[in-house]
Each structure stands twice: as structure tokens, then as C-alpha cells.
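A short write-up of the structure that comes next.
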Number of protein chains: 2
Amino acid sequence: MGKEPEDTIASRISRELADRIVRGELAPGARLRQDHIAEEFQTSHVPVREAFRRLEAQGLAISEPRRGVRVASFDLAEVREVAEMRAALEVLALRHAARHLTPAILDAAEEATREGDAAADVRAWEEANRRFHRLILTPCGMSRLLASIDDLHAASARFLFSAWQSGWEKRTDHDHRAILLALRQGRTEEACGILEKHVQWIGRAPQGVKSGAPREAFAIVG
Amino acid sequence: MGKEPEDTIASRISRELADRIVRGELAPGARLRQDHIAEEFQTSHVPVREAFRRLEAQGLAISEPRRGVRVASFDLAEVREVAEMRAALEVLALRHAARHLTPAILDAAEEATREGDAAADVRAWEEANRRFHRLILTPCGMSRLLASIDDLHAASARFLFSAWQSGWEKRTDHDHRAILLALRQGRTEEACGILEKHVQWIGRAPQGVKSGAPREAFAIVG
DNA sequence: GGAATCAAAATTATCTATAATTTGAAAAGG
DNA sequence: CCTTTTCAAATTATAGATAATTTTGATTCC
């Protein structure tokens, strides 16, 4: 204990910046200035530039050749795009994971659902939701597929936070329970069907907050 | 004319290395040494490291924290994984692209198919095949989805080249023609169904070449 | 003869410095 | 008063240099 080895500085910066972008601390369009970030992380800008390439590949940042890097912006069309990609890929993953799902895994997923229902804020709900999806999909054992899904989850979470950053209402996740029930009874295709619709359910934010521009306020909720 | 602006050195290096990996010039597991590559491209190693991050995100290279970067290796399981991901995502793209397909686009796609049938070697065939898929999918207008599909195509091409690097037999692509026919008649779902199976068709390489290890020799052919 | 050890060489990861480009604002001109 | 031009400050992109880690290869020991 004491000091975490933290494999490489670039990866640490990339993770931290990704978190900030997803949480909305860094607004869409905001410039990411390498020298400032380098100073904050007590490094030079070389690792920072490497982190930028990672964020670019994740779709969280956009780099214009000699003009710097900005936080990627998004619109309703992209929210839908991400939702549909998730639907397609998560269904694929679940189809392969189904045969490897154990009662223990399904119990853990049920527990994650309970935690989501009891979540006090968006942040906690998102964490529980992501854990649910990870739990039932990871057993597919397809690393490339899982990595893609993770990136899409990050994008989803970004949209989610941007819509619900102020208000948040508790609710019970019936879809998750229906999916688990179907999986427990070995009805894989039915579970896939529910998952496919569940991920594409797009919610409308309660109301436009006092943020000046009446930005589109939609978000994936699955 | 004269000198290409070539946006950034890092992107040029990344493209060139990706090409070499896909073509099989750089074997799986081969080490990518930043100083050597920097010297070859007449630059320092900073842009080289940025290019590495890009290749890593594409799944073409693997970086181990203080041990350098290697060309990613792959096995039959990953070939299948990539094929299934392509099937899922290309079908999604085609579903959205269908309404925007014009006769002109379909004619161009038919021309690409003809060129593929007439191709003298794997390389030419792969180029024509990729053009076909791009032509009918691009009109979906979903940039994130198209970028993912492009990366998967690169992986597919890598497997393809690795299997057919020596022998290559001409053949007629009936699937492409059936897809175009269905699209021309407005039967989108049927076109999607054919595309889904087409992309997942996995061929067996003619014979293991004299390459020492009897590596698995399979490849996607679609 | 083969495994373990240790030092030299190669290589990675990072930092500091330099060149080139862009941005933004002030000044000049219509 | 608005547009265009000019110039300085800020920022990006790359180069060169340094520290630290891993490989490699020869040598010794069993």
C-alpha cells in the first residue's frame, strides 16, 4: 500500500480526463490545452499528447491538426447512434455470454439492480447500471467486443449526466429484472430482445435547467 | 500540387504502420521499436509514440508498459469475433443507409463487385470488396458507426492476407449481387439478412505455406 | 552440459528546449 | 463605423537530451 504504481502517466491522464468529460466537468467544445494539463499533472506535455490520442479514439475528444484538442460535442443524432450501436453489440455479447452465466453471476447482477433502484443520485445509479451490464456480458469472453461496449457505455454515461445533472428521480428498473428472469429460465433470445429495446430507450430530461442555451436534453437510460 | 500537407506526422506514421500490419509485412508479435521507426520516418520518437496509441486503439498493436509495443497477434476466436461484430454493425448501418441509396450509388457498388471478380490478387480483391461495403454503408451518415466498421475491416483484411498470402483463386461474388438486387427492389431486410451471413462467411486457407509454425489459417471473406 | 548470475547494451519513458503555427487584439484604411 | 492588416502572445508540434528499466550475452557455478 502507499503509492499506486499506475502503469503509465499517459494512461492515468487519459483515464482522469475521460472521467471529467463523462461527468460533464469538461463541457463539450472546451479546449484541452496540453501545457495546462501537463502542469496540473506535474509532467511534461509528451504523455499528455499520448492521452489525447486515446481520448480521440474513444470519441470523447476531437483533435484538429494544428489547432489543438477539444472536448467532443454531441447532438441527439449521436445519442441515438450510440444507443443503436450498444443495442447491436450488447445483444451479440449476451447471446455468447448466456451459456456461461452462473446463478452466482445472476445473483450479483440482481444485487446491482437493487443498488441502482436505491441510488440517491445519477452518479450512483450509473455506476450500478454499468455493473449490471458488465456482469451479464463479460462471460462472453470476447475482449474486443467488450472493449467497444465499454467505450459506448462511456459515451452513454456522458449523455446521461448531461441531461440529469440537476434533477434525478428514483425508479425501479423493470427491464433489468425481466432480463434476469428470462436468463434464469434459459430463454436467451427473449432476454436479448428485452436488452435490445432497453438500451435504446431514450429518456427526456425533466426540464431545461437554467443553463443559458436551450440545449437538447436527451439521454440514454439503460 | 507538389507537396502533400499530410496533416500530422503521427497520423502519417500510424497509417503507414497500420498498412504494413494489415498486409502482413509486420508479423504478429513483431516488436515495434520507436527509435528505429523514428529514424526511418526522419522524425523524433514523440510522433511515433502517438502513432502507437492509435494502433493500440485499433487493435493492431499491443503495448506493455515498460516493455514496448508489439504487433497484435490473433487466433481463430478473434477472427470469429471480428466477423460477428462486423455482421452486427454493418447490418445496422445498412438498415439506415437503405433509404438514402440512389441508383448511382448502387451502380458504383456493382462496378466495385465486377472489379473484385476480375481481381488478379488478394490485394486488389480486398480493395474492391472494401469499396463495395463502404459505398452501400456510408449513406447511413453515422460517423461513429462507420469508424468502428472501418477498424473492423482493417482487422478482417489482416486475417485475409495472412491466409491467402500465397495462393488466390478467382471467384464470383454472388452475395454482393444478391444484396444489390434486393436493395434495388426495396427489400431492405432481405439485403440485411444476406449481408449478415455474407460477412460471417469464414474461409479456410488453401494450404499452410512453408512458414514454420502450422499457424491456424482462416480468414474472413466478405 | 545446463541453470543461475551479473554487467553491458539496447530500449523505453520522460523532460527540457526550439521551431512553427494560430489566435486575438490593436492599428490603419476605406 | 466597419473591414482589413499587422504584430505580439499563446499554443501546438517536433527535436534533442536524460534517467530508468528491460534484454541480452557472456561467465561462473553446480
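Here is the naming used below: chain letters follow the sequence lines, and residue numbers restart at 1 for every chain.
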>> Looking at every heavy atom in both Val71(B) and Ala27(B), which two are closest together, and how far apart are they?
In response: CB-O, 3.3 Å
> With sequence neighbours excluded, what pairs up with Phe52(B) under the ring-ring contact (aromatic ring centres under 6.0 Å, His included) test?
Replying inline: none
>> If I take atom CD in residue Gln34(A) and atom P in nucleotide dA10(D), what distance separates them, rounded to the nearest angstrom?
In response: 16 Å
>> Using a strict threshold of under 4.0 Å (side-chain N to carboxylate O), is an ion pair present between Glu126(A) and Arg130(A)?
In response: yes
> Quick one: how far along DNA chain C does chain B reach, first to last nucleotide 5' to 3', anything under 4.0 Å to a heavy atom?
Replying inline: dT11(C) to dT14(C)
>> Go nucleotide by nucleotide along DNA chain C from the 5' end; which of His36(B) and Val46(B) gets its closest nucleotide reached first?
In response: His36(B)
> Residues in side chain to side chain donor-acceptor pair (under 3.5 Å) with Glu110(A), at least two apart?
Replying inline: Arg184(A)
> When the nearest nucleotide of DNA chain C is assigned to Arg67(A) and to Ala10(A) on a heavy-atom basis, which residue is associated with the more 5' position?
Replying inline: Ala10(A)
> Would you say the side chain of His45(B) and the base of dA17(D) hold a donor-acceptor pair, judged only by whether the two atoms sit under 3.5 Å apart?
Replying inline: yes
>> I need the CZ-P distance between Arg33(A) and dT12(D), as an integer number of Å.
In response: 7 Å
> So what does Glu50(B) hit on the nucleic acid, given a heavy-atom distance under 4.0 Å: a base, only sugar-phosphate, or nothing?
Replying inline: nothing
Restricting to nitrogen or oxygen on both sides, can you table the protein-nucleotides 7-9 of chain D pairs closer than 3.5 Å?
none

>> Using a 6.0 Å cut-off, check whether atom CZ of Arg123(A) has over 12 heavy atoms from anything other than its own residue.
In response: no
> Hey, what's the ring geometry for Phe159(A) with Phe74(A), parallel, tilted or perpendicular (30° and 60° as the breaks)?
Replying inline: tilted
> So, Ser14(B) side chain and Ala10(B) main chain: donor-acceptor pair closer than 3.5 Å or not?
Replying inline: no
>> My understanding is that only residues two or more places apart in sequence, or in another chain, count here; which of them pass side chain to side chain donor-acceptor pair (under 3.5 Å) with Arg33(B)?
In response: none
Output a table of donor-acceptor pairs, distance under 3.5 Å, between side-chain atoms of residues 81-99 of chain A and any protein atom two or more places apart or on a different chain; print 'none' if there are none.
from     : atom 1 : to        : atom 2 : distance (Å)
Glu81(A) : OE2    : Ser143(B) : N      : 3.4
Glu81(A) : OE2    : Arg144(B) : N      : 2.8
Glu81(A) : OE2    : Leu145(B) : N      : 2.7
Glu84(A) : OE1    : His96(B)  : NE2    : 2.6
Glu84(A) : OE2    : His96(B)  : NE2    : 3.3
Arg86(A) : NE     : Glu90(A)  : OE2    : 2.8
Arg86(A) : NH1    : Ser156(A) : OG     : 3.1
Arg86(A) : NH1    : Gly222(A) : O      : 3.2
Arg86(A) : NH2    : Glu90(A)  : OE2    : 3.0
Arg86(A) : NH2    : Gly222(A) : O      : 2.9
Glu90(A) : OE1    : His133(A) : ND1    : 2.8
Glu90(A) : OE2    : His153(A) : NE2    : 3.0
Arg95(A) : NE     : Glu189(A) : OE2    : 2.8
Arg95(A) : NH2    : Glu189(A) : OE1    : 3.2
His96(A) : NE2    : Glu84(B)  : OE1    : 2.6
His96(A) : NE2    : Glu84(B)  : OE2    : 3.3

>> Whole angstroms only, please: what is the CZ-C1' distance between Arg66(B) and dT23(D)?
In response: 15 Å
> Between atom CG in Asp35(B) and atom P in dT18(D), what is the gap in whole Å?
Replying inline: 15 Å
